[in-house]
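Each chain gets a letter, A, B and so on, in the order the sequences are listed, and its residues count up from 1.
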Protein chains: 2
Amino acid sequence: MGRWEPNTRERLAKAALDLYGERGFERTTVAEIAKSAGLTERTFFRHYADKREVLFSGAIEFEQLFARAVADAPPSAAPIDALASGLDAICAVFEERRDFARKRQAVISATAELRERELIKLASLAAALTETLRGRGVPSTTAALTAETGVAVFKVAFERWITGDEARPLGRLARESLAELKAVAVGGNAPASEV
Amino acid sequence: MGRWEPNTRERLAKAALDLYGERGFERTTVAEIAKSAGLTERTFFRHYADKREVLFSGAIEFEQLFARAVADAPPSAAPIDALASGLDAICAVFEERRDFARKRQAVISATAELRERELIKLASLAAALTETLRGRGVPSTTAALTAETGVAVFKVAFERWITGDEARPLGRLARESLAELKAVAVGGNAPASEV
DNA sequence: CAGTTGATGTCAGTTACTGACATCGACGCT
DNA sequence: AGCGTCGATGTCAGTAACTGACATCAACTG
C-alpha cells in the first residue's frame with residue numbers, strides 16, 4: 001500500500017462536485033475541498049490548474065473521442081456526415097451517465113465562471129474538430145464552419161436532454177437538431193421540430 | 001470642472017489595453033492600470049467587475065445592435081435571413097475600427113482567461129438572438145440553432161478578417177461564410193469557398 | 001542497505017477582489 | 001452667501017486564489 005490513499009485526483013473531483021453542489025461554487029474554498037478529500041490546498045493545485053478545472057478533467061477524452069469518430073468516418077462521407085458520426089459517438093457515452101451529467105451541469109450553469117470554462121472547452125473541441133476535418137481534406141473555412149455547427153448542435157441537444165422532463169435519448173435529440181439545422185440553413189420559414 | 005479628470009472609464013480602458021499589449025495581461029496588475037490612469041485600484045473595480053471586463057465594455061451595445069437588426073427585419077423573412085441582416089449591421093460597425101479591433105484581438109487571443117470572457121460574451125449574444133428570434137415567432141429549438149449558427153458565422157468571418165492579409169470587408173466575408181454554411185448543411189462534399 | 005524518486009506537506013508571498021468608512025467638490029435649496 | 005446632501009473617489013484592512021521554495025518520507029532501485 002502506498003504512503004497515501006490512492007485516487008487522489010478522483011477524490012478531489014468528487015469532493016469538489018459535492019461541495020459546489022451543496023454550498024455553491026463561490027462559497028466553497030479550495031482549502032475546504034482539499035480537507036474534505038483528506039489533502040492540503042497545495043496538493044489540489046498540483047492536480048488541477050485552478051478551482052474550476054476540477055470539474056473538467058474528462059474534457060480531453062471527450063474531445064478525443066469525438067475527433068476520432070469524425071476521423072474514422074468513411075472517406076467518402078461529406079463533412080456534415082462525418083460530423084454526425086462524431087455526435088453519435090459522444091452521445092452514446094453520455095447516455096449512461098445522465099444523473100452525473102445532470103448534477104454537474106446544475107453546478108456549472110449556476111456560476112458564470114464555470115460557464116466560461118465550459119465554453120472554452122467547447123471552443124477547444126471545435127478547434128480539434130476543425131483540424132480533424134482538415135485532415136480529411138476539407139478546406140479551412142468549411143472545416144471551421146462545420147465544426148462550429150457540430151458544437152452548436154451538441155449544445156442545443158444537450159440542453160434539451162439535461163433540462164426538464166425530456167425523455168428521449170441524447171443521440172436522438174442530436175440527430176433531430178442536426179436535421180433541423182439543415183432545414184434552417186436552407187431557409188424555410190420557421191419550421192417546427194416535428195418529432 | 002469636476003473634482004476629477006473626466007472620462008474615468010475610458011481612461012481606464014485605454015490604459016488597460018495599452019498595458020496588456022505591452023507587458024501582457026498576466027504581468028499587468030490592476031494597480032498599475034489604475035495608476036497609469038491616475039486613479040486607484042479600488043476605483044478600477046468600481047467601474048469594471050474584474051480585470052478582464054475592462055476589454056469588453058462595448059459588448060452590450062454590440063449585442064443590442066445585432067439583436068435590434070434581427071428584430072427589425074421584415075416579418076416575412078425566414079430566420080436565417082433575419083440573422084443575415086443582423087450580421088450586416090454589426091459588420092458595418094467594425095469596418096471602421098479595424099486597427100483597434102486588431103490590437104484588442106491580439107491581446108485577447110494571447111490569454112486564455114480573456115478568450116474565456118470573449119466566449120461568454122458570444123454566448124450571451126447567442127442567447128439574446130435566440131430570444132429575439134422567438135419574439136419573431138420562431139420555435140425555441142429553431143431559434144437557438146439559428147442564433148448559434150449566426151454566432152459561428154461571425155466568429156469565422158471575424159477571424160478571417162482580423163488575421164493575415166485578408167483585404168475583403170468583414171461584411172462580405174460574413175456573407176460568404178453564411179453561404180458556405182448553407183452549402184455545408186446541405187451536405188455537398190467539401191466544397192471550396194469560391195470567391 | 002544507501003541513494004534516488006515522487007507525491008505530499010509546510011510556509012511565505014503576490015495579487016485579484018470586497019466591505020466599511022473617510023473625503024470633498026458640485027449642486028440645489030433657502 | 002451659507003448649508004446639507006450626493007456621488008465619485010481615496011484609504012485601509014481583510015479574504016482567498018494561486019505560486020515558488022524547501023522539507024518529508026514511503027517505495028523503489030541497484
Within the supplied structure, the quantity of interest is the number of heavy atoms (other residues, nucleotides, ligands) at a distance under 6.0 Å from A/Arg9 CZ; does it exceed 12? yes
Might you confirm whether atom NZ of B/Lys182 has over 12 heavy atoms from other residues, nucleotides or ligands at distances under 6.0 Å?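 Check passes, neighbour count above 12.
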Does the D/dG20 base have a donor-acceptor partner in the side chain of A/Arg42 within less than 3.5 Å? yes
Ignoring hydrogens and angles, does a donor from either the side chain of B/Arg46 or the base of D/dG7 sit under 3.5 Å from an acceptor on the other?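 In this structure, the two groups form no donor-acceptor pair.
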Quick one: [X] [atom1] to [N] [atom2], roughly how many Å, whole number?
X	N	atom1	atom2	value
B/Phe25	D/dC18	CZ	P	13 Å
A/Glu113	D/dA16	CD	C1'	12 Å
A/Trp4	D/dT24	CH2	P	13 Å
A/Ile33	D/dC18	CD1	P	10 Å
A/Glu32	D/dA17	CD	P	8 Å
A/Phe44	C/dA7	CZ	P	18 Å
B/Arg9	D/dT9	CZ	P	11 Å
B/Glu26	D/dG20	CD	P	11 Å

Residue pair B/Ala82 / B/Ala77: nearest heavy atoms and the distance that separates them: N-CB, 4.3 Å
Measure from the side chain of [X], starting at C-beta and using heavy atoms only, and say which of [options] lies closest.
X	options	value
B/Arg3	C/dT8, C/dA16, C/dG25	C/dG25
B/Glu41	D/dA16, D/dT19, C/dC17	C/dC17
A/Asp50	D/dC18, C/dT8, D/dA8	D/dC18
B/Val30	C/dT10, C/dG19, C/dA16	C/dA16

Establish, with yes or no, whether the OP1 or OP2 oxygen of [N] is under 4.0 angstrom from a side-chain nitrogen or oxygen of [X].
X	N	result
A/Thr8	C/dT8	yes
B/Thr40	D/dT9	no
B/Thr43	D/dG10	yes
A/His47	C/dA7	no

In this structure, which one of B/Thr141, B/Val138, B/Thr142, B/Thr149 forms a side chain to side chain contact (heavy atoms under 4.5 Å, CB included) with A/Val184? B/Thr142
Residue whose nearest DNA chain D nucleotide is more 5′ - A/Lys51 or B/Leu39: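 The residue whose closest nucleotide sits nearer the 5' end is B/Leu39.
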Any side-chain heavy-atom pair from A/Asp88 and A/Arg175 closer than 4.5 angstrom?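 Touching, per the 4.5 Å side-chain cut-off.
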